[in-house]
Each structure stands twice: as C-alpha cells, then as structure tokens.
Amino acid sequence: MKSVRVRFAPSPTGYLHVGGLRTALYNYLFARKNNGKFVLRIEDTDRNRFVEGAVENLISALKWCGLDFDEGPETGGKLGPYLQSQRLGIYQKYIQELVVKGDAYYCFCTHERLEALKEEQQKQKFPQAKYDKHCLSLSKSRIEENLANRIPFVIRLNVVPNQKIIFDDIVRSRVEFDSNNVDDQVLIKSDGYPTYHFANVVDDHLMEISHVIRGEEWLSSTPKHVLLYDSFGWERPIFAHLPLLLNPDRSKLSKRQGDVAVEDYRAKGFLKEALVNFVALLGWNAGDDKEFYYMNELIENFSLERVNKSGAVFDIEKLNWLNAEHLRKKSNDDLLTMLRIEILNSQFSTLPTGRQVLNLPDAYLLKVISAMKERVSFVKEYLSNSPYFFEAPSKYDESSVLKNWKSETPDQMKKLYESFAKLNTPVKEDFEASLKETAAELNIDAGKLIHPLRLAVSGMSSGPGVYDILVIIGLEETQKRIDKAINTISVI
RNA sequence: GGCGCGUUCGUCUAGUGGUCUAGGACGCCGCCCUCUCAAGGCGGAGAUCACGGGUUCGACCCCCGUACGCGCUACCA
C-alpha cells in the first residue's frame with residue numbers, strides 16, 4: 001500500500017465547526033494509525049467570503065484539540081503552499097492542459113443569459129437545470145477574439161453525456177451516477193480563481209493525497225472530481241464520505257440550534273479530551289462496548305471501515321457525561337492547575353475580598369479537589385457547587401432552612417459550638433466524636449445536628465461529608481460560621 | 001422537481017442469514033450505600049429492527065418497491 005497522506009481542507013469561515021472537527025479528527029486518526037501524514041489546506045478561493053483572522057482561529061482550535069498537522073500554512077511542507085489563494089498560477093497551468101484536451105472550454109455567457117436559460121429550462125420542466133454547452137461550439141478564432149477583447153469568461157468542465165460515472169467509497173461502497181445529471185461545472189471563475197471542484201482535485205493530486213475523507217455533502221459532486229482525475233490521467237484517491245452531524249430535530253447541525261463552534265465548547269469549560277472522545281463516537285465505534293477513549297486509544301482502534309453511514313445527532317447530555325468522566329480521571333495536580341486558572345477567571349479576581357482566594361495555598365485547594373472530585377462535571381463547578389470553600393455563606397438555602405432549622409436549633413448549635421471549642425487542631429474523627437457526644441448529651445439524633453451544621457457552614461444542603469468540610473475550612477472558620485448562622489438565621 | 005445517500009430503544013450505537021423473545025452507553029425511574037449531594041453497585045421502563053413485497057427451511061442482516069429524512073442541484077465551500 002502506498003503511503004497514506006490525508007488532508008483536512010476547510011474554508012476559512014472564522015471558526016472551527018464541530019462537524020469540521022469530526023472530519024479533521026477522522027483524517028488525523030487515520031493518518032496516525034497508518035503512519036501517514038496529516039495535511040491542513042485552506043480552501044480560500046472565494047474572495048467574497050474572506051474573514052479576517054479565520055485561518056489563525058482554525059489552526060488554534062485544531063491545535064487545542066490536539067490535532068497537530070504535519071504540513072500546512074505556518075508549518076510549511078514540501079508540497080505547499082497550503083493556501084489555495086497562493087496557488088493561482090498552478091491552477092492556470094493545469095486548466096490549460098484540460099482546455100487543450102477538450103475536456104474544458106471557455107464560456108463567455110453573461111449572467112443574464114445564464115439566468116434566462118435557467119428560467120426557460122424550469123418553464124419547460126426540465127428534470128434538471130443545466131448549462132447548455134452553448135460556448136462549446138465557439139470557433140478557436142472566436143475564442144481568441146473574445147479573449148483579446150477582454151470579454152469576461154469562465155472555464156467549464158466538458159461533461160460527455162450518456163456515461164456512467166462509478167466510484168468506490170469506503171463508507172458507502174459503490175456509488176453510480178449518470179453523466180447526464182452532471183452539469184458543466186465552472187472550473188475557473190471570471191475573477192481567475194478556481195472553484196472548489198477544480199482546486200481540490202489539482203491540489204489533492206499535487207499534494208499526493210491518498211485518501212479523501214470528507215463530509216457527505218460532497219458525495220454529489222464527486223463525479224465531477226472523478227471526471228477531472230480521469231481526464232488528467234491521475235490516479236483517483238480513495239474516497240470516504242462521512243455521515244453528517246445533526247441537530248436534535250435531525251436537520252444538519254447549525255448555529256440556530258445551539259453551539260456549533262469548537263471555541264464555544266471550550267469557553268463553556270469542556271475538556272478537549274471529552275470533546276474529541278465524544279465527536280469520535282459520532283459515526284464510528286470499534287465494535288465493542290468501550291466508550292471512554294483517550295486520543296492514543298482512538299488512534300490505535302480507528303478504522304474507516306467501521307464508520308457509519310447515517311447521520312448522528314449531537315447529544316449534549318452524553319458530552320456532559322464524558323466531560324465528567326474525563327475530569328475525574330485527571331490527577332489532582334492537573335486539577336489544581338485548572339482550578340487556579342478558573343479562580344483567576346472568576347469573580348474572585350476582581351472582588352476586593354477575592355485576594356485571599358487567589359492566594360489560597362496548594363494544600364488547601366488540593367483538599368477541596370479531593371472532596372469535590374466526584375461531585376463535579378466541570379472545573380468551574382468547584383466554585384459554583386462548593387463556594388463555601390472560598391467564602392463564608394452569605395445566604396442559606398431556603399428549603400433547607402425550612403426543613404432543618406427549627407426553633408430549638410440555635411440552642412443546639414450553641415452547644416455544638418462549645419463542644420467544638422474544646423477541640424485542639426481536630427481531625428475529621430475528632431469533629432465526628434465531638435458532634436456525636438453533643439447529640440448524646442442533648443438526647444437527639446446526630447442528624448439533628450449534622451443537617452443544621454451543614455447549612456450553617458455551607459449555606460446549602462449538598463456537598464461532601466460535613467466533617468470533611470469542617471476539616472478543610474478549619475475549626476476557627478467553622479466556629480465563625482456557626483456563630484453567624486445562629487445570629488443570621490434566627491433573625492429570618 | 002431531478003440526482004444521490006440514509007432509516008435498530010428519546011439520543012449515540014452493537015448486530016454481516018439461525019447464538020436476537022435484539023446487546024451496551026447517555027438520559028429517565030426505582031432500590032442499595034449514606035449526615036446531604038454526588039460517585040459506585042443492583043434493577044426497571046424504553047426498538048412489532050420505517051413500511052410492503054420477495055429470496056430462503058429460516059431474515060435486523062440479501063433483493064425489489066414505497067414512505068420519510070437528509071445532502072447536492074452556484075462564477076460557495
């Protein structure tokens with residue numbers, strides 16, 4: 001088998017679509033699995049769609065996901081340049097070859113004529129509106145005359161009618177088209193730029209691409225590409241058309257129905273490991289029950305033969321779950337680094353009282369992490385789910401107050417406060433013994449103290465075991481909070 | 001409209017003619033654990049395998065048709 005070279009060839013729209021990520025990922029996995037090369041090529045042949053900074057965004061999103069390419073803009077490579085807008089001369093050269101062969105021809109038709117033609121064909125109920133090859137019969141001298149007179153032109157593919165165009169696709173097996181349904185596609189636009197169809201074929205050949213792995217939306221135009229390969233006498237790459245990513249209503253995944261850019265998910269706090277893992281499973285599986293994957297495991301197990309044919313709905317619930325799974329698998333040290341960044345980006349960095357939060361020692365944060373690790377799905381939830389580790393509660397969960405803070409509670413808390421006061425640098429067990437003792441003295445269940453205590457110390461009704469909370473915030477802070485709760489809650 | 005592609009639990013999927021009265025995962029529900037919330041364990045509901053014809057002793061798996069969905073139908077990619 002000849003060496004594997006694949007490419008991800010996005011148009012620079014300004015951001016990386018998750019569908020694009022999936023396409024890029026499958027290309028990447030296939031390349032790595034087969035010791036091949038992964039090339040990034042930017043398809044920027046539409047000057048009307050130029051977006052400032054789009055290429056940089058694309059590259060940084062790709063890199064964030066861990067998809068490093070072997071050749072591409074910035075990176076370079078032997079078969080560049082990798083920006084199609086810098087390859088115009090190349091297309092000019094190759095299109096001439098086609099014109100000489102008669103497989104492409106100049107067309108001087110105006111927009112008006114094209115428009116009228118289409119209208120007429122529709123009126124006559126043609127099965128499909130197609131160019132009528134009007135300019136194919138232009139004499140050589142006429143063409144030269146037009147060219148000399150600078151009449152705007154395009155160059156079209158000369159599709160020979162009544163032919164079967166057949167190609168193989170790894171995902172869809174054999175696909176067959178009738179050339180009568182293939183239009184004389186514009187190859188070179190009047191501004192001199194190539195269309196996607198032409199540039200993509202020329203570049204894939206010149207860049208020695210072995211496998212074209214792309215979205216299903218390209219399946220219908222593949223016959224045009226095949227015609228081009230054949231006309232040049234170039235070997236066709238192996239095609240693999242990937243199923244589409246869908247909205248919950250099964251339409252093509254779009255901005256209207258939620259986030260669609262990789263950077264959106266990044267901003268929301270999703271881990272790249274989770275996003276990549278999730279997206280990999282949308283349309284592929286190894287045939288077993290494994291669902292949790294790291295990148296190296298994906299590479300090891302990936303194969304195009306196991307890619308599905310039908311579209312997959314992007315289900316955020318499952319992404320959430322995978323994010324939690326990946327987060328829990330992180331080491332506490334990694335989590336510490338992430339938590340610090342989260343704190344830096346939180347309200348604490350601007351709040352005057354936030355200073356001490358920023359300066360919390362590693363040892364403290366590490367304790368918070370062990371206590372909360374099983375209870376968070378996102379790093380930011382360390383702050384939102386257990387704010388009490390960072391600041392004393394300023395309000396108390398209403399339903400918990402109603403349920404746990406009875407008229408006798410303040411006195412009981414006072415008693416507990418006094419018991420705790422006798423402790424000296426208590427560990428978890430000391431707090432527990434002290435509380436149970438107090439409960440016994442008061443002749444009540446430990447729960448009658450535990451729940452109000454949790455409320456007093458955290459302001460909420462959920463979280464790690466109370467004693468864990470107490471140890472982390474410390475005896476002094478515990479007492480302060482009990483005291484504050486007694487005063488504040490009774491006032492309500 | 002034409003052409004192409006697709007169709008297994010709500011969602012992602014396993015399944016390549018008998019092992020399928022269809023398996024797993026997410027989500028949902030219940031139980032256990034338990035000071036709460038998670039995590040974990042156990043269990044449950046949930047798919048007449050889009051529908052209709054064939055082929056076959058036998059079809060989720062093969063063939064044909066229909067329906068529905070999606071894609072393409074640009075001097076956009």
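The structure displayed is predicted, hence computed values, not measured ones. Proteins get letters first, then strands, A, B, ... in listed order; numbering begins at 1 in each.
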Asks: For A:H451 and B:U36, do the ring centres fall under 5.5 Å apart while the planes stay under 30° apart?
Replies: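 Base of B:U36: not stacked against A:H451.
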Asks: Determine whether the aromatic ring centres of A:Y265 and A:F314 lie less than 6.0 Å apart.
Replies: yes
Asks: Look at A:N285 and B:A14 and indicate whether a side-chain polar atom (N or O) is within less than 4.0 Å of OP1 or OP2.
Replies: yes
Asks: Is A:N308 near enough to B:U7 that one of its side-chain N or O atoms lies under 4.0 angstrom from OP1 or OP2?
Replies: no
Asks: Suppose you measure atom P in B:A50 against the same atom in B:U7; what distance do you get, rounded to whole Å?
Replies: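 Roughly 9 Å separates the two P atoms.
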Asks: So what does A:V313 hit on the nucleic acid, given a heavy-atom distance under 4.0 Å: a base, only sugar-phosphate, or nothing?
Replies: sugar-phosphate
Asks: Please confirm whether the shortest side-chain N or O distance from A:K189 to OP1 or OP2 of B:C76 is below 4.0 Å.
Replies: yes
Asks: Which one, B:C37, B:C75, B:A77, comes nearest to the side chain of A:S462?
Replies: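 Minimum distance to the A:S462 side chain belongs to B:C37.
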Asks: Roughly, in whole Å, what's the span from CG in A:L219 to P in B:G69?
Replies: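 Spelled out: CG on A:L219 to P on B:G69 is 20 Å.
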Asks: For a quick check of understanding: with a heavy-atom distance under 4.0 Å over all strands, which category does A:G465 fall into, base, sugar-phosphate or nothing?
Replies: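 A:G465: base contact, heavy atoms under 4.0 Å.
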Asks: With heavy atoms under 4.0 Å as the rule, sort A:G215 into base, sugar-phosphate or nothing.
Replies: nothing
Asks: Whole angstroms only, please: what is the CD-C1' distance between A:E374 and B:U36?
Replies: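 To the nearest whole Å, that distance equals 16 Å.
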Asks: Is any side-chain nitrogen or oxygen of A:R172 closer than 4.0 Å to OP1 or OP2 of B:G71?
Replies: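 A:R172 to B:G71 OP1/OP2: no side-chain N or O under 4.0 Å.
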Asks: With RNA chain B as reference, determine whether A:T195 or A:P464 sits nearer its 5' end, using the nearest nucleotide of each.
Replies: A:P464
Asks: Whom does B:C76 pair with, Watson-Crick or G-U wobble, provided both distances fall under 3.5 Å?
Replies: none
Asks: What does A:S310 touch in the nucleic acid at a heavy-atom separation under 4.0 angstrom: a base, only the sugar-phosphate, or nothing?
Replies: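 Sugar-phosphate: the residue A:S310, judged by heavy atoms under 4.0 Å, touches backbone atoms but no base.
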Asks: If we ignore angles and hydrogens, is there a donor and acceptor under 3.5 Å between the side chains of A:Q84 and A:D203?
Replies: yes
Asks: Could you measure between the two C1' atoms, the one in B:C61 and the one in B:G15, and give it in whole Å?
Replies: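 Result for the C1' pair: 8 Å, nearest Å.
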Asks: What's A:E176 touching, base or sugar-phosphate or nothing? Going by heavy atoms closer than 4.0 Å.
Replies: sugar-phosphate
Asks: If you check the A:W218 side chain, which of B:A14, B:A77, B:C5 turns out closest?
Replies: B:A77
Asks: What's the closest nucleotide to the side chain of A:E317 if the choices are B:A14, B:C75, B:C26?
Replies: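 Comparing B:A14, B:C75, B:C26 against the side chain of A:E317, the answer is B:C26.
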Asks: Under 4.0 angstrom, heavy atoms only, what part of the nucleic acid is A:R306 near: base, sugar-phosphate, or nothing?
Replies: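 Touches sugar-phosphate only.
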Asks: For the aromatic rings, using the six-membered ring if either is Trp, is the centroid distance between A:F198 and A:Y196 under 6.0 Å?
Replies: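 Ring centres of A:Y196 and A:F198 not closer than 6.0 Å.
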Asks: Could you measure between the two C1' atoms, the one in B:G40 and the one in B:U16, and give it in whole Å?
Replies: 37 Å
Asks: Is A:E273 salt-bridged to A:K329, cutoff N-O under 4.0 Å?
Replies: no
Asks: Using atom P in both nucleotides, what's the gap between B:G24 and B:C20 to the nearest angstrom?
Replies: 12 Å
Asks: Side chains of A:N285 and A:R306: donor-acceptor distance under 3.5 Å anywhere?
Replies: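 Their side chains do contain a donor-acceptor pair, which is all the 3.5 Å distance test asks for.
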Asks: Taking any strand in view, what nucleotide pairs with B:A39 in a Watson-Crick or G-U wobble way, both distances under 3.5 Å?
Replies: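 Answer to the pairing question: none, since B:A39 forms no Watson-Crick or G-U pair.
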Asks: Side chain of A:R328: nearest nucleotide among B:A77, B:A25, B:A39?
Replies: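 Closest nucleotide among those given: B:A39.
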Asks: Determine the contact category for A:V154: base if any of its heavy atoms lies under 4.0 Å from a base atom, sugar-phosphate if only primed atoms, P, OP1 or OP2 are that close, otherwise nothing.
Replies: base
Asks: What's the closest nucleotide to the A:Q185 side chain, out of B:G24, B:A38, B:A74?
Replies: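 Nearest nucleotide to the side chain: B:A74.
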Asks: So does A:T45 get a side-chain nitrogen or oxygen closer than 4.0 Å to the phosphate oxygens (OP1/OP2) of B:A77?
Replies: yes
Asks: Rounded to the nearest 0.5 Å, what's the gap from CG on A:N27 to CZ on A:F8? Could you check?
Replies: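 Result: 8.0 Å between the selected atoms.
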Asks: Report which part of the nucleic acid A:V376 touches: base, sugar-phosphate, or nothing (heavy-atom distance under 4.0 Å, all strands).
Replies: nothing
Asks: For B:G52, which nucleotide is its Watson-Crick or G-U wobble mate, given both distances must be under 3.5 Å?
Replies: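 Across all strands, the one nucleotide that pairs with B:G52 is B:C64.
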Asks: For the C1' atoms, the ones on B:U21 and on B:C31, what distance do you get once it is rounded to whole angstrom?
Replies: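 Taking atom C1' in both B:U21 and B:C31, they lie 27 Å apart.
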Asks: So which nucleotide from B:G15, B:C72, B:U36 ends up closest to the side chain of A:E217?
Replies: B:C72
Asks: Between A:R250 and B:C12, is there a side-chain N or O to OP1/OP2 distance below 4.0 Å?
Replies: yes
Asks: Could you check A:S190 against A:K309 and say which one's nearest nucleotide on RNA chain B is further toward the 5' end?
Replies: A:K309
Asks: Select one nucleotide: of B:C5, B:C35, B:G6, the one nearest the side-chain heavy atoms of A:I450.
Replies: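 Nearest to the side chain of A:I450 among the choices is B:C35.
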Asks: Mind telling me whether A:W218 and A:H225 have parallel, tilted or perpendicular rings, with 30° and 60° as the class edges?
Replies: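 Rings of A:H225 and A:W218: tilted, as their planes differ by 30° to 60°.
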Asks: Whole Å only: how far is the CG atom of A:L244 from the P atom of B:A77?
Replies: 18 Å
Asks: What is the nucleic acid contact for A:H111, judged by heavy atoms within less than 4.0 Å: base, sugar-phosphate only, or nothing?
Replies: base
Asks: With a 3.5 Å limit on both atom pairs, tell me what B:C70 is paired to, counting Watson-Crick and G-U wobble, or say none.
Replies: B:G4
Asks: So for A:K373 and B:A39, does any side-chain atom that can act as donor or acceptor lie under 3.5 Å from a complementary atom in the base?
Replies: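 No, no donor-acceptor pair under 3.5 Å.
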Asks: Is there a Watson-Crick or G-U wobble partner for B:C26 with both distances under 3.5 Å, and which nucleotide is it?
Replies: B:G10
Asks: To the side chain of A:D289, which of B:U73, B:A38, B:G24 is closest?
Replies: B:G24
Asks: How many Å lie between CZ on A:F50 and C1' on B:C76, as a whole number?
Replies: 16 Å
Asks: Which part of the nucleic acid, if any, lies within reach of A:Y193 when heavy atoms closer than 4.0 Å are counted: base, sugar-phosphate only, or nothing?
Replies: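 A:Y193: no heavy atom of the nucleic acid under 4.0 Å.
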Asks: If you take atom types as modelled and just measure distance, does the side chain of A:R49 reach the base of B:C76 with a donor-acceptor pair under 3.5 Å?
Replies: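 Checked by distance alone, the answer is yes.
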Asks: For a quick check under 3.5 Å, do A:Q92 and A:Q96 share a side-chain donor-acceptor pair by atom type?
Replies: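 There is no such pair (donor and acceptor under 3.5 Å, judged by atom type) between the side chains of A:Q92 and A:Q96.
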Asks: Using a 6.0 Å distance limit plus a 45 degree cone around the ring axis, check whether A:K380 lies over the aromatic ring of A:F378.
Replies: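 Yes, A:K380 lies over the aromatic ring of A:F378.
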Asks: Return the nearest nucleotide to the side chain of A:A312; candidates are B:C75, B:G71, B:C12.
Replies: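 The nucleotide sitting nearest to the side chain is B:C12.
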Asks: Using atom P of each nucleotide, how far apart are B:A47 and B:G10 to the nearest Å?
Replies: 7 Å
Asks: Counting just side-chain N and O atoms, does A:K118 come under 4.0 Å of either OP1 or OP2 of B:A74?
Replies: yes
Asks: Counting side-chain heavy atoms from C-beta on, which of B:G24, B:A77, B:G40 comes nearest to A:E325?
Replies: B:G40
